[in-house]
**Q** 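One structure follows; several queries about it will come next.
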4 protein chains.
Amino acid sequence: MNFCSDNTSIACDAILQNIIRVNNDPAMPYGDDMVTARVEQDFKKIFDCDLAMLPVATGTAANVLALSVYCPSHGAILCHQESHINVDECGAPELYTGGAKLVPFNGVGSKLCPLELENYLSQGWAGNVHNMQPAVISITQASESGTIYTINEVKAISEICKKHDLKLHMDGARFANALVGLNCNASDITWRAGVDILSFGATKNGAIAAEAVIFFDSLMAELAGFKRKRGGHLFSKMRFLSAQLEAYLKDNLWLENALHANQMAAKLFAGLSKANIKFRYPVAANELFIYLEKPIFIKLKDAGFSFYQYPLGGDDCYRLVTAWNTREDHVDMFIETIYNSR
Amino acid sequence: MNFCSDNTSIACDAILQNIIRVNNDPAMPYGDDMVTARVEQDFKKIFDCDLAMLPVATGTAANVLALSVYCPSHGAILCHQESHINVDECGAPELYTGGAKLVPFNGVGSKLCPLELENYLSQGWAGNVHNMQPAVISITQASESGTIYTINEVKAISEICKKHDLKLHMDGARFANALVGLNCNASDITWRAGVDILSFGATKNGAIAAEAVIFFDSLMAELAGFKRKRGGHLFSKMRFLSAQLEAYLKDNLWLENALHANQMAAKLFAGLSKANIKFRYPVAANELFIYLEKPIFIKLKDAGFSFYQYPLGGDDCYRLVTAWNTREDHVDMFIETIYNSR
Amino acid sequence: MNFCSDNTSIACDAILQNIIRVNNDPAMPYGDDMVTARVEQDFKKIFDCDLAMLPVATGTAANVLALSVYCPSHGAILCHQESHINVDECGAPELYTGGAKLVPFNGVGSKLCPLELENYLSQGWAGNVHNMQPAVISITQASESGTIYTINEVKAISEICKKHDLKLHMDGARFANALVGLNCNASDITWRAGVDILSFGATKNGAIAAEAVIFFDSLMAELAGFKRKRGGHLFSKMRFLSAQLEAYLKDNLWLENALHANQMAAKLFAGLSKANIKFRYPVAANELFIYLEKPIFIKLKDAGFSFYQYPLGGDDCYRLVTAWNTREDHVDMFIETIYNSR
Amino acid sequence: MNFCSDNTSIACDAILQNIIRVNNDPAMPYGDDMVTARVEQDFKKIFDCDLAMLPVATGTAANVLALSVYCPSHGAILCHQESHINVDECGAPELYTGGAKLVPFNGVGSKLCPLELENYLSQGWAGNVHNMQPAVISITQASESGTIYTINEVKAISEICKKHDLKLHMDGARFANALVGLNCNASDITWRAGVDILSFGATKNGAIAAEAVIFFDSLMAELAGFKRKRGGHLFSKMRFLSAQLEAYLKDNLWLENALHANQMAAKLFAGLSKANIKFRYPVAANELFIYLEKPIFIKLKDAGFSFYQYPLGGDDCYRLVTAWNTREDHVDMFIETIYNSR
């Protein structure tokens, strides 16, 4: 009964089946195959616009290709202190940009605060040769704390970007969970709200290893193509990445998977709230941050539940993550175990 | 009827089945799973030594992780002019080493000549602050021209490495084809011959996307671990990479696949030689470089064969690559088409 | 009447004369000259230990050579939010380390707080492949706010370094001013207090353009030598850098220059305090941070004084810097102008 | 009696005097001073065009700033095998470009051959994501072998640049010697012949440490400004760099210095030719490459002459370099010593 992370979950059967399907015939390598071409079309429909798309296998790869096309080596990327790019990628953005700087900001629930960004950007960095030049703002949707930026919140940040001539990147490792949580169109929370480039995740939501960089300015994909190869992320048999994305997008599988994960999180939230468990953040997607007394934590462990401590929240803070395949009976048992431990 | 490259081929059924098998249960992410642990043990048996192993998804990733643990940013990597790292990786070694230099050498059949290496290394670069410091020699086995280094040839180069305090890297994107061609043990052509680090390929020989960096000095894997993450190559669901490797190694699948590819190449060689087709290099593994008159080339195209021109060999030079699943009747038809075009 | 910065000041006559003196004869290039050898000996006497020394022309060059020998590309450098390396070097540390991360800390008076460092370092980064690995703590002496670390304060930080296996770098662009302020030996505030490597500044205190990287572990200078060349900082006619350092160190010129600057700062502090001017920080070296009402500021400008606003301190905060050649009558006039403007 | 290199020579008195002159007054730092502004105007007159100019202290710094504004990290710089950037800068171009590749070419007398360049560039690298993208051709004027490109030779290469959308860089560490050798205007051999960016050297020809990057497209200087700071090459007291350049350019000092050096080389050439000494290359500027029998070499050493062996030319090949201050009696004695040793 694993609530550690959505990346511990198995892959969707539909995705595996599509890999088997595209394996029937040889195909030209490095993305010159028909599956990859079809997936790009699928993305255009979903986002209701022209775009370019590069499939990669990890979220880190997606993020750094996205960031590096817009941030020069003397550039700065404004991001949340707790963001994945700042904390959990071992300097991948620094490597791919040639040594740019991530400028960390605080902000409630791992979300950037427009006021703080504006304050910082109006301090006169631009054009000053001594300072790294602000180039990109990066937001995570859904955030590392399981919170979600509303459309208006994204717009507020993209307006700051436009004012100061920056680009807006969205790390969408859990984009589907955010979209389901917002109940809006993919376009409304991205390019229509001012997002320039998106890391579109699938791995955490049912794929084996597949993400896509979505370029709303399709011309930037050419530069990213060189960076992808140079980073070692150009798959010779790329159709197997694309096959995962194809199945993921087909018949709204991605949204259904996310919906299930979010519903399981909501059920946990409802049950635990009744049990007077305190939450660090409101629950908007598929992550929950709860405070547990030690004896209760031990009982849960003993009952077979695994999940991580969350040190940023203090010694008694824990993170639960639900996934596309989280079983409802596990959720019920989790809540029940807590009730019984009182 | 595709002789373009072994990376256009489909994946082995056994490998796909193992992916499905490991998908039954959740598993801890980032390599803390049992499949990955098992595969490392498998490699230890195959290479008959202690070692460390990191799975990655592309040959470029394997090469650059291997090179970057041994070559500092002010270091030089001695390699063949035509080597994949020098020509076909868009500067990935330069990126991962922080700007090292690849010093290109000629040598018949894409193989490095010990004499030329020794000549270069005795020119007094070591310790001279103006010059990049020779740090690694990289050889490709089987080479980009389909030739193979014998055990003694590898030893001759590794002795130069020891004399000048360099490390020896083997790019084994087609390691199985080389091993079958040599008919020796994996250990004899690697660490027993002085190889320090190996890029072990599986993708071209039946996997979806799976390679392994083999560290014969297992301590170096720790440093490589940071570089792997930083490069965006640490898979959260790594068991799916390892599952490919596990199936690949099981019951000698990797050697059988390579044997078939090599046999098909040998058959092509025999048939085409009889037809007086000229070869650029002797055929030792699964690649053939042939000279074709234009009319014959056109007849082959018209008959449905696809394969690449090889500009390095001149306008009338072409490359044929056989794979684990090359059909014998396609080979027969290719030879026949040539006969009939005379 | 310029209080903008000590880097606007002219160079010392003694330093210019020594340049002219060493220009009498040709000399071998790239540091193989006798002046450079002599200066290294001078430093050994001053610091009362074996050491290695590399002359460079800018403080940024000194800092990044120092940092890059100890911080790998996946490393983290812990420093103050306001430190020169973090704010004013346009990413030079990131360039020379190959993309390391500067982790910014707050702390009163631009000085790092040991408790915050310890808190951060005990969060479990070490060995975790997702996180950049803390490698170096960098402190500025005298700090960007003109404050000074006491010997005990340096020792407290170096103990944290030892506990967590980090190295301690001291940015001594104003090292002489700090030493005079502390009234201690050069060794007591550096290697005896646990400093591993020092950027020793001369430019701000009377040189044309000369700094030195001081390696208390002299073995590290070899690696730095390659990085210096690679950075374009190896001067062919290096004796002209060394000549500046030689004159700077001779007959305590460096300490006398700093003493004058500090005394002028102290005099400003005394006079302005009497005039009820508020200070942001205590004045310990040659920088003062004061709050001025707009009308007073305008009167000072009109009287011919130039100095910078200090936005970090708010709209009414200004920085004054005294130098080795600051005229006492300028100081008197500054104080007088303020009195008269009331 | 030193013929080792022009960088062993002393500095010109006129240049030292100008340093002393600009030291009379304080000045704003980082290039916001009047000397730097004046020097840019001087360069505009000399090159008869609008341009931008950044002073730096080393030739390596000048070269890498020039290269890095035009070559992306996935780019290739085509240069001669023996060029300073390829052999003698310890990877500085690789560092500043973020890991670009230097593609080495042969060519008589260290000069690039247009035919070889065209052959290479027509091999289809452009747009191929596997290959580093040719971005810059770099030529050295005068070359590392003391030869000089004629105006037509530069034009032939710049036409190749235009055809393939590359930029042309000229490494002019010995630009004055080349110009005197050609007896043409500075503009004719640079921008009028298609050069986009020039490393303009002064150090070898009488300065202490001063070079300039000349941007014939002045817009590129802004980007270079960030790279200069980031490389640690932005001098706070930049007026002392500019003062050297100002004196160097004044009253044709630079050309007179170079004329003397070239004349001394010509005299050596004439005298040694009479003595039947063989030359590796024709003598066009201030470098000579000669073949000496061992006994003669020893007699020269014993007579007090110092100069380097030139291993590229074989065991009996030596390099002589004359400088702005080479004494004619030393030249006479050198020739005489050879005569007497027969």
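Note that the structure is predicted; figures quoted are calculated from it, not measured. Letters A, B, ... mirror the listed sequences (proteins, then strands); counts begin at 1.
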**Q** D:A207 versus chain C, heavy atoms under 4.5 Å apart: side chain, backbone, both or neither?
**A** backbone

**Q** By a 4.5 Å heavy-atom criterion (distance strictly below it), what part of C:D25 contacts chain D: side chain, backbone, both, or neither?
**A** backbone

**Q** Which one wins on heavy-atom pair count under 4.5 Å against chain D: C:S5, C:A61, C:S9?
**A** C:S9

**Q** Does atom CD of C:E222 have more than 12 heavy-atom neighbours, drawn from other residues, nucleotides or ligands, at distances under 6.0 Å?
**A** no

**Q** Under a 3.5 Å distance rule, please check whether C:N23 uses its side chain to pair with a backbone N or O of D:A11 as donor and acceptor.
**A** yes

**Q** Measuring heavy-atom distances to chain C, does D:D33 have an atom under 4.5 Å in its side chain, in its backbone, in both, or in neither?
**A** neither

**Q** Test your reading of the model: is there a side-chain donor-acceptor pair from D:K229 to the backbone of C:D88, 3.5 Å cut-off?
**A**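 Side chain of D:K229 to backbone of C:D88, a donor-acceptor pair under 3.5 Å: yes, one is there.
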
**Q** Select, from C:A92, C:S306, C:G98, C:G99, the one with the greatest count of heavy-atom pairs under 4.5 Å involving chain D.
**A** C:A92

**Q** Would you check if the side chain of C:T8 reaches a backbone N or O of D:M28 as a donor-acceptor pair within less than 3.5 Å?
**A**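 Between the backbone of D:M28 and the side chain of C:T8 there is no qualifying donor-acceptor contact (under 3.5 Å).
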
**Q** Looking only at atom types and distance, does a side-chain atom of D:K237 sit under 3.5 Å from a main-chain N or O of C:T203, one as donor and one as acceptor?
**A** yes

**Q** What part of D:D6 gets closer than 4.5 Å to chain C, counting heavy atoms only: side chain, backbone, both or neither?
**A** backbone

**Q** Taking atom NZ of C:K301 as the centre, report whether more than 12 heavy atoms of other residues, nucleotides or ligands fall under 6.0 Å from it.
**A** yes

**Q** Spell out, as yes or no, whether a donor-acceptor pair under 3.5 Å connects the side chain of D:Y96 to the backbone of C:R230.
**A** no

**Q** What distance separates D:T60 OG1 from C:R228 CZ, expressed to the nearest 0.5 Å?
**A**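 Answer for the OG1-CZ pair, D:T60 versus C:R228, is 12.0 Å.
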
**Q** Where the side chain of C:N7 meets the backbone of D:P29, is there a donor-acceptor pair that is under 3.5 Å apart?
**A**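 No, the answer is negative, given that no donor and acceptor are paired below the 3.5 Å cut-off.
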
**Q** Can you list the steps and then say if C:L234 with D:T58 is a side chain to side chain contact (heavy atoms under 4.5 Å, CB included)?
**A** CA-CA 8 Å; C:L234 180 63; D:T58 70; over 6 Å; no

**Q** If you tally heavy-atom pairs under 4.5 Å against chain C, which of D:M238, D:K227, D:R239 wins?
**A** D:R239

**Q** Ignoring hydrogens, what is the shortest heavy-atom contact between C:N24 and D:I10? Give both atom names and the distance.
**A**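 So the minimum-distance heavy-atom pair works out to C-CG2, 4.1 Å.
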
**Q** Answer with side chain, backbone, both or neither: which region of D:L16 has an atom nearer than 4.5 Å to a non-hydrogen atom of chain C?
**A** side chain

**Q** Report the option among C:S236, C:A62, C:A57 that has the most heavy-atom pairs separated by less than 4.5 Å from atoms of chain D.
**A** C:S236

**Q** With a 4.5 Å cut-off on heavy-atom pairs, point out which of C:L241, C:I208, C:V64, C:L65 contacts chain D the most.
**A**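 Max contact count across the listed options: C:I208.
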
**Q** Give a yes or no on whether the backbone of C:H233 and the side-chain of D:H233 come within a donor-acceptor separation of less than 3.5 Å.
**A**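 Answer holds: no.
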
